[in-house]
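Within every chain, numbering begins at 1; the chains are lettered A, B, ... in the order of the sequence lines, protein sequences first and strands thereafter.
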Amino acid sequence: MAKVLTPRSESYAQWYNDLVLKADLAENSAVRGCMVIKPYGFAIWEKMQSVLDKMFKDTGHQNAYFPLFIPKSFFSKEADHVEGFAKECAVVTHYRLKNNPDGSGVVVDPEAQLEEELIIRPTSETIIWNTYKNWIQSYRDLPIKINQWANVVRWEMRTRLFLRTAEFLWQEGHTAHETKAEALEETETMINIYADFAEKWMALPVIQGAKTANERFAGALETYTIEALMQDGKALQSGTSHFLGQNFAKAFDVKYTTNEGKEDFVWATSWGVSTRLMGALIMAHSDDHGLVLPPKLAPIQVVIVPIYKKAEELARISQVVEKISAPLKAKGIEVKFDDKDNKKPGWKFAEYELKGVPVRLAIGPRDLENGTVEVARRDTLEKKVVAIEGVDVYIEELLEDIQTNIYKKAIDFRAENTRKVNSYDEFKKVLDEQGGFILAHWDGTEETELKIKEDTKATIRCIPFDGEDEEGVCMVTGKPSKRRVIFARAY
RNA sequence: CGGGGUGUAGCGCAGUCCGGUUAGCGCACCUGGUUUGGGACCAGGGGGUCGGGGGUUCGAAUCCCUCCACCCCGACCA
């Protein structure tokens, strides 16, 4: 078979780039740092969106839409928030172009300078809290639980398709609550939803935990995260949920009247996942042959490739294909019959492997005679000839089996690449030689965390929720520690 | 934003050092035919602002200046 992807062993980064392009997921655009998401890639994102959207609505959230532009003055209201985002904001300063007097195209009209510059949202807390101020008067107006699907812009130095682009698509939830407890509960609910989505739909095992103060969202009191481990041993932060306390309420003066007639600031959360999930999905399961998609998110779940010599033969095969695909479609399975005659079967096999289609059926004259079909599964590349009779049930179960199997593979990989270390030397050695998640004791100070980051480029991914209490000493300073935290090099 | 690399047909590349017919090759594409159980073959055909702009020269893909984009490695970040 022709080699179309750089093997992972040769260059993991190059393999990833090749895969995104060759599987037709996305490509670089004419605009620096911004990508074009192609139809096949966007179809996966749309599936993710529709599942998440339902999960949000099932937990009492509603969708809305807020502007792309944020007045500069809004931005400066929450000190930590500005500091966190200031360095990567795109700013609109003018509202008009004019023909260049020298005839060489158009130039910005200097007369058309905005009185107040507009920031292109890197996130929407400020515009949303400025709006919520007008929506909230009493406890009866609470809670407000809103989500928006949007694009945001963060002017990144170095970009990579899906993993980090200057513009990306995401959803951002913004909620307002009466009490601290309720806001904290919301923060937890949402990180649980993300974890659930990652594991059940993406087949991606994740670790839930809290970020250290240093790694927290700008303006949050607490950031919860789901962290996934990629095949190269690096961690990928895949979703975050923030407890914002009363910081934004105070910054935007959002008060409500309690049922005792007193005034208080409302409590806030925000949470989001982005097209970065696409990167996670790609890197989690794929191999040197191409993409491996979890059946639940695959735009095409079953592809059927006919093998024939003459048009007459194709016609006979097509009739059988119709009998096979009708019951599959009735079960809600996405089936594609590729009867294009300008590509040979072998070409198609390779192509659909590259695109990660979970199940491939091949039907030729031999099968017509025997009443069989060849079934190939993408995750293991195994092929099996089965009877057409009852093949719909077989395939339905196979899809479930593939979903389970790739999840299991990912979780086994993570287990093999999660290690406890007790000394800083051991930590550095494991990090350099094996990577993965490292469980180690840390004294809880920002100083130590930064020293480790500077020495090794590893960061604390999270303080896991399900970590066991264990007395120990910080691997760097020897100070006491009550539990281990998770370190890794990260994307 | 620093260091390194690349930019020539849709894709992958040769040609650039050392300037000189009409810029070439493979894949893809179009037409015809033979093929079809793991990326088919033959014949014919179309497709190029040589990344953009400026300069040197009788003459520039090739030399000089400048800008842009992408990739890799750093710093920054989801």
Side-chain angles (χ1 to χ4, degrees), chain A residues 1-6 11-14 16-18 21-22 24 27-35 84-89 104-105 122-123 152-172 194 211 214-218 223 225-228 235-242 270-280 289-290 305-311 313-314 317 339-354 360-370 372-374 376 381 383 385 453-454 457 459 461 490-491:
Chain A
M1 194 196 322
K3 191 186 76 177
V4 288
L5 299 178
T6 303
S11 167
Y12 191 82
Q14 195 54 48
Y16 177 82
N17 290 333
D18 288 355
L21 297 174
K22 299 277 173 55
D24 232 12
E27 63 187 33
N28 285 301
S29 71
V31 184
R32 181 194 195 103
C34 296
M35 65 180 161
F85 287 105
K87 284 169 291 184
E88 49 188 35
C89 285
S104 64
T123 179
V152 286
V153 169
R154 296 181 188 174
W155 213 261
E156 298 290 349
M157 292 298 169
R158 212 176 138 192
T159 58
R160 294 192 66 189
L161 292 169
F162 291 120
L163 296 173
R164 177 167 299 107
T165 46
E167 180 193 17
F168 57 92
L169 305 182
W170 78 345
Q171 58 68 217
E172 47 180 326
Y194 289 154
K211 287 289 186 186
N214 187 48
E215 296 275 330
R216 239 172 242 157
F217 175 75
T223 288
T225 179
I226 51 169
E227 296 284 326
L236 185 73
Q237 178 178 310
S238 306
T240 47
S241 181
H242 315 290
S270 69
W271 28 272
V273 293
S274 71
T275 36
R276 180 177 244 205
L277 286 180
M278 292 286 295
H289 298 278
V305 177
I307 294 154
Y308 62 95
K309 289 189 169 66
K310 299 182 189 105
E313 204 163 47
L314 174 61
I317 290 170
D339 60 352
K340 279 201 298 267
D341 65 352
N342 60 337
K343 298 282 189 248
K344 290 188 60 177
W347 192 93
K348 293 176 184 174
F349 293 172
E351 179 67 11
Y352 291 109
E353 274 165 18
L354 198 50
R360 181 190 71 227
L361 306 183
I363 304 190
R366 270 199 324 251
D367 298 299
L368 289 187
E369 243 173 71
N370 304 333
T372 57
V373 58
E374 183 193 81
L381 297 169
K383 292 190 284 197
V385 175
K453 186 176 176 183
E454 205 167 302
K457 306 205 192 312
T459 49
R461 300 319 303 160
Y491 273 96

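- Expressed to the nearest 0.5 Å, how far CG of Leu361(A) lies from OG1 of Thr372(A) amounts to 11.5 Å.
- Donor-acceptor pairing under 3.5 Å, judged by distance alone, is absent between the side chain of Lys348(A) and the base of rG37(B).
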Check the interface with nucleotides 70-78 of chain B: list each N/O to N/O pair with the protein under 3.5 Å, or write none.
| residue | atom | partner | partner atom | Å |
| --- | --- | --- | --- | --- |
| rC70(B) | OP1 | Gly33(A) | N | 3.1 |
| rC70(B) | O3' | Asn28(A) | ND2 | 3.4 |
| rC71(B) | O3' | Asn17(A) | ND2 | 3.4 |
| rC72(B) | OP1 | Asn17(A) | ND2 | 2.8 |
| rC73(B) | OP2 | Arg158(A) | NH2 | 2.4 |
| rA75(B) | OP1 | Lys457(A) | NZ | 2.7 |
| rC77(B) | O2' | Glu156(A) | OE2 | 3.3 |
| rC77(B) | O2 | Arg164(A) | NE | 2.1 |
| rC77(B) | O2 | Arg164(A) | NH1 | 3.2 |
| rC77(B) | O2 | Arg164(A) | NH2 | 2.2 |
| rC77(B) | N3 | Arg164(A) | NH1 | 3.4 |
| rC77(B) | N3 | Arg164(A) | NH2 | 2.8 |
| rA78(B) | O3' | Gln237(A) | OE1 | 3.3 |
| rA78(B) | O3' | Gln237(A) | NE2 | 2.7 |
| rA78(B) | O3' | Arg276(A) | NH1 | 3.2 |
| rA78(B) | O2' | Arg276(A) | NE | 3.1 |
| rA78(B) | O2' | Arg276(A) | NH1 | 2.1 |
| rA78(B) | O2' | Arg276(A) | NH2 | 2.6 |
| rA78(B) | N6 | Thr165(A) | O | 2.5 |

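- Taking atom CG of residue Leu21(A) and atom C1' of nucleotide rG12(B), one finds them 13 Å apart after rounding to whole Å.
- The CZ atom of Phe162(A) sits 9.0 Å away from atom CG of Leu169(A), with the distance rounded to the nearest 0.5 Å.
- Annotation: rC65(B) and rU56(B) have their P atoms spaced 15 Å apart (nearest Å).
- Nucleotide rC63(B) forms a pair with rG55(B), judged by Watson-Crick or G-U wobble geometry with both contacts under 3.5 Å.
- A gap of 43 Å separates the P atoms of rA28(B) and rA75(B), to the nearest Å.
- Annotation: side chain of Tyr16(A) is in contact with side chain of Leu163(A) (closest heavy-atom distance under 4.5 Å).
- If you take atom P in rC76(B) and the same atom in rA40(B), they sit 49 Å apart, rounded to whole Å.
- Taking the C1' atoms as reference points, rC73(B) lies 49 Å from rU31(B), given to the whole Å.
- The P atoms of rA61(B) and rG7(B) are separated by 16 Å, rounded to the nearest whole Å.
- In this structure rU49(B) sits in no base pair that meets the Watson-Crick or G-U test at under 3.5 Å.
- Between the NE2 atom of His289(A) and the C1' atom of rG39(B) there is a distance of 13 Å, given to the nearest Å.
- Checking His242(A) against Ser270(A) by side-chain atom types alone, no donor-acceptor pair falls below 3.5 Å.
- Counting only heavy atoms from C-beta outward, the side chains of Tyr308(A) and Asp341(A) approach each other to under 4.5 Å.
- Here, rC27(B) and rG47(B) have their C1' atoms 14 Å apart, quoted to the whole Å.
- Ion pairing between Lys340(A) and Glu351(A) fails under the 4.0 Å rule for side-chain N and carboxylate O.
- Pair assignment for rA43(B) gives rU31(B), based on Watson-Crick or G-U wobble hydrogen-bonding distances that are each under 3.5 Å.
- In this structure, Leu361(A) atom CG and rG38(B) atom P are separated by 16 Å, rounded to whole Å.
- Once rounded to the nearest 0.5 Å, the distance linking NZ of Lys211(A) with OG1 of Thr223(A) reads 8.5 Å.
- Taking a pair to require two hydrogen-bonding distances under 3.5 Å in either a Watson-Crick or a G-U wobble arrangement, rG74(B) pairs with rC1(B).
- The partner of rU6(B) is rA69(B), judged by Watson-Crick or G-U wobble contacts that both fall below 3.5 Å.
- Rounded to whole angstrom, the span from the NZ atom of Lys340(A) across to the P atom of rG39(B) amounts to 18 Å.
- Comparing the P positions of rG52(B) and rA9(B) gives a spacing of 10 Å, expressed to the nearest Å.
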Please list each protein N or O that sits under 3.5 Å from an N or O in nucleotides 32-36 of chain B, with the distance.
| residue | atom | partner | partner atom | Å |
| --- | --- | --- | --- | --- |
| rU36(B) | O2' | Tyr308(A) | O | 3.3 |
| rU36(B) | N1 | Tyr308(A) | O | 3.3 |
| rU36(B) | N3 | Tyr308(A) | O | 3.4 |
| rU36(B) | O4 | Lys309(A) | O | 2.6 |

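- Asp24(A) places its CG atom 12 Å from the C1' atom of rC11(B), with the value rounded to the nearest Å.
- Looking at Arg366(A) and Glu374(A), no side-chain N of the basic residue comes within less than 4.0 Å of a carboxylate O on the acidic one, giving no salt bridge.
- A straight line from CZ of Arg360(A) to P of rG37(B) spans 12 Å, rounded to a whole angstrom.
- Counting to the nearest Å, the C1' atom of rG37(B) and the CG atom of Leu368(A) are 12 Å from each other.
- Arg154(A) has its side chain out of reach of Glu167(A): every pair of non-hydrogen atoms, C-beta onward, lies at least 4.5 Å apart.
- Straight-line distance between the C1' atoms of rG59(B) and rC72(B): roughly 38 Å, to the nearest whole Å.
- In this view, Arg164(A) satisfies the side-chain hydrogen bond (donor to acceptor under 3.5 Å, both in side chains) rule with no residue, not counting sequence neighbours.
- For the atom pair CD (Glu313(A)) and CD1 (Ile363(A)), the distance works out to 12.0 Å, reported to the nearest 0.5 Å.
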